[in-house]
Amino acid sequence: MCKKPIIGVCLPNKGNKLAEIFIRFSLFLANAKAVSLRPDEHSSKDKIDGLILSGGSDINPLLYGGKKEAHNTKLDKKRDAFELDMIKTAVQKRIPIFGICRGAQLLNIFFDGDLYPTVLDIEEYLIHKNSIFPIKDIFIKKKSKLFDIVKKEKLKANSLHNQAIHKVGEDLKVTAKHKGLIQAIEKKNYPFMLAVQWHPEYLFYIKEHRKIFKDFVKACLN
């Protein structure tokens, strides 16, 4: 029987139950075991083979040189600090990392990138739609890990974000976009570091999104 890697899923102390359920289900389909890591409950953090940074609340703008008054949404500074520390530890151990939505943004900040506090800062002339269902086309660069996984240059994805990556962090490269918004970032010379702006866990019924989890889990076995 094949070993099941243990994947740590970063979550807030409260909430995000739906995301947690679907991430756990996606990892189950990829033959991995999930453990929840929260700021106040993370006893399994030293036993993990891979790290998922899940979606959720906006990130404190002071972490990327933004202005506090730019936000009218609830922040979770405790979660921000905990997950930045988890990224640091994972990078030091070269553990595979998969970022989802907020997770992609936080990973970018860790590598000294920054964010648009709200997508309206760059999309004020567009109607920014949010949906759990696939409503937008993601255009993927051929020379990328993401393309190697999904084998497509265009992929339908959902949209559930308020913030977006602005300046890309050091040693990260942009590998997918949608109408000017960065949709995926990766890190070269690393076992697996891929982060996407959408929520593939809610799109488990589409094989390309399942493949992302499967490839991540495969990397966690090495």
Task: Same apolar cluster: F139 and I182, side chain cutoff 4.5 Å - done: no

Task: Nearest heavy-atom neighbours spanning P191 and A219 - done: O-CB, 4.4 Å

Open item on the list: Quick one, N16 with R79, criterion side chain to side chain contact (heavy atoms under 4.5 Å, CB included). Give me CA distance, side-chain angles, the key distance, then yes/no.
Closed with: CA-CA 12 Å; N16 276 35; R79 183 185 181 188; 3.9 Å; yes

Open item on the list: Applying side-chain contact (heavy atoms from CB on, under 4.5 Å), can you list everything that pairs with F28, at least two apart in sequence or on another chain?
Closed with: F25

- [ ] Search all heavy atoms of F204 against all heavy atoms of S26 and return the closest pair with its distance.
- [x] CB-OG, 4.2 Å

Task: Approximate separation, where rounding is to 0.5 Å, of L160 CG and I132 CD1 - done: 6.5 Å

- [ ] Can you measure from CG (D148) to CG (D215) and round to the nearest 0.5 angstrom?
- [x] 8.5 Å

Task: F98 and F213: CA distance, side-chain angles, deciding distance, ring-ring contact (aromatic ring centres under 6.0 Å, His included) verdict - done: CA-CA 9 Å; F98 180 29; F213 280 95; 5.3 Å; yes

Task: Q183 and K136, any side-chain heavy atoms less than 4.5 Å apart - done: yes

Open item on the list: Do I7 and C220 make a side-chain contact, defined as non-hydrogen atoms from C-beta onward lying under 4.5 Å apart?
Closed with: yes

- [ ] With rounding to the nearest 0.5 Å, note down the distance linking CG in D80 to CG in L63.
- [x] 5.5 Å

- [ ] Indicate the atoms forming the closest heavy-atom contact of V9 with L27, along with that distance.
- [x] CG2-CD1, 4.0 Å

Task: Test item: S54 and I23 side chains (from C-beta on) under 4.5 Å apart, heavy atoms - done: yes

TODO: Decide if atom NZ of K156 counts as having more than 12 heavy atoms of other residues, nucleotides or ligands within a radius under 6.0 Å.
DONE: yes

Open item on the list: Quick check against the 3.5 Å criterion: does N158 have a side-chain atom that pairs as donor or acceptor with the backbone of S131?
Closed with: no

Task: Listed once per pair and sorted, the side-chain hydrogen bond (donor to acceptor under 3.5 Å, both in side chains) pairs that draw on residues 189-206, sequence neighbours left out - done: Q105-Q197, W198-H209, H199-E201

Task: Criterion salt bridge (charged side-chain N to carboxylate O under 4.0 Å, His left out) on E186 and K141, from CA distance to verdict - done: CA-CA 11 Å; E186 301 174 13; K141 292 183 179 179; over 6 Å; no

Task: Closest approach of S159 to I135 (non-hydrogen atoms, all atoms of both residues) - done: CB-CD1, 4.3 Å

Task: Spacing of M193 atom CE and L51 atom CG [to the nearest 0.5 Å] - done: 9.5 Å

Open item on the list: Counting C-beta onward and ignoring hydrogens, is there a side-chain heavy-atom pair between F192 and K145 closer than 4.5 Å?
Closed with: yes

TODO: Begin from the C-alpha positions of I48 and M86 and carry the test side chain to side chain contact (heavy atoms under 4.5 Å, CB included) through to its verdict.
DONE: CA-CA 11 Å; I48 63 174; M86 285 301 305; 4.1 Å; yes

TODO: Answer whether the closest heavy-atom distance between the side chains of I100 and L53 falls below 4.5 Å.
DONE: no

Open item on the list: Would you say that L75 contacts D58 through its side chain, given a criterion of any heavy-atom pair below 4.5 Å between the two side chains?
Closed with: yes

Task: Flag, side chain of R38 to backbone of L11, donor-acceptor distance under 3.5 Å - done: no

- [ ] Taking all heavy atoms of A30 and all of V217, pick out the closest pair and write down the distance.
- [x] O-CG1, 3.4 Å

- [ ] Determine, step by step, whether L37 and F82 satisfy the side chain to side chain contact (heavy atoms under 4.5 Å, CB included) criterion, reporting the C-alpha distance in whole Å, the side-chain angles of both residues, the deciding distance to 0.1 Å, and the verdict.
- [x] CA-CA 9 Å; L37 303 177; F82 168 66; 4.1 Å; yes

Task: D49 versus I95, closest heavy-atom pair with distance - done: O-CG2, 3.3 Å

- [ ] Enter the distance from L115:CG to I109:CD1 here, rounded to the nearest 0.5 Å.
- [x] 4.0 Å

Task: Note, K93 side chain near D46 side chain (heavy atom, < 4.5 Å) - done: yes

Open item on the list: For L146 and I212: C-alpha separation, side-chain torsions, deciding distance, then whether side chain to side chain contact (heavy atoms under 4.5 Å, CB included) applies.
Closed with: CA-CA 8 Å; L146 184 57; I212 299 174; 4.0 Å; yes

Open item on the list: Any side-chain to backbone donor/acceptor pair from Q163 onto I59? Under 3.5 Å, distance only.
Closed with: yes

Open item on the list: Main chain of I165, side chain of N108: is a donor-acceptor contact present, judged purely on distance under 3.5 Å?
Closed with: no

Open item on the list: Return the CD to CG distance between E170 and D112, rounded to the nearest 0.5 Å.
Closed with: 5.0 Å

Open item on the list: Quick check: do K187 and F111 have side-chain heavy atoms less than 4.5 Å from each other?
Closed with: yes

TODO: Taking S144 for its side chain and F147 for its backbone only, find out whether a donor-acceptor pair lies under 3.5 Å.
DONE: yes

- [ ] Determine whether more than 12 heavy atoms belonging to other residues, nucleotides or ligands lie under 6.0 Å from atom NZ of K173.
- [x] yes

Open item on the list: Counting neighbours of NZ on K211 that are heavy atoms of other residues, nucleotides or ligands and sit closer than 6.0 Å, is the number greater than 12?
Closed with: yes

TODO: Using side-chain contact (heavy atoms from CB on, under 4.5 Å) as the criterion, list what pairs up with S57, not counting sequence neighbours.
DONE: D76, R102

TODO: Flag yes if L221 and I97 sit in one hydrophobic cluster, no otherwise; membership is Ile, Leu, Val, Met, Phe, Trp, Tyr, and two members link when side-chain heavy atoms are under 4.5 Å apart.
DONE: no

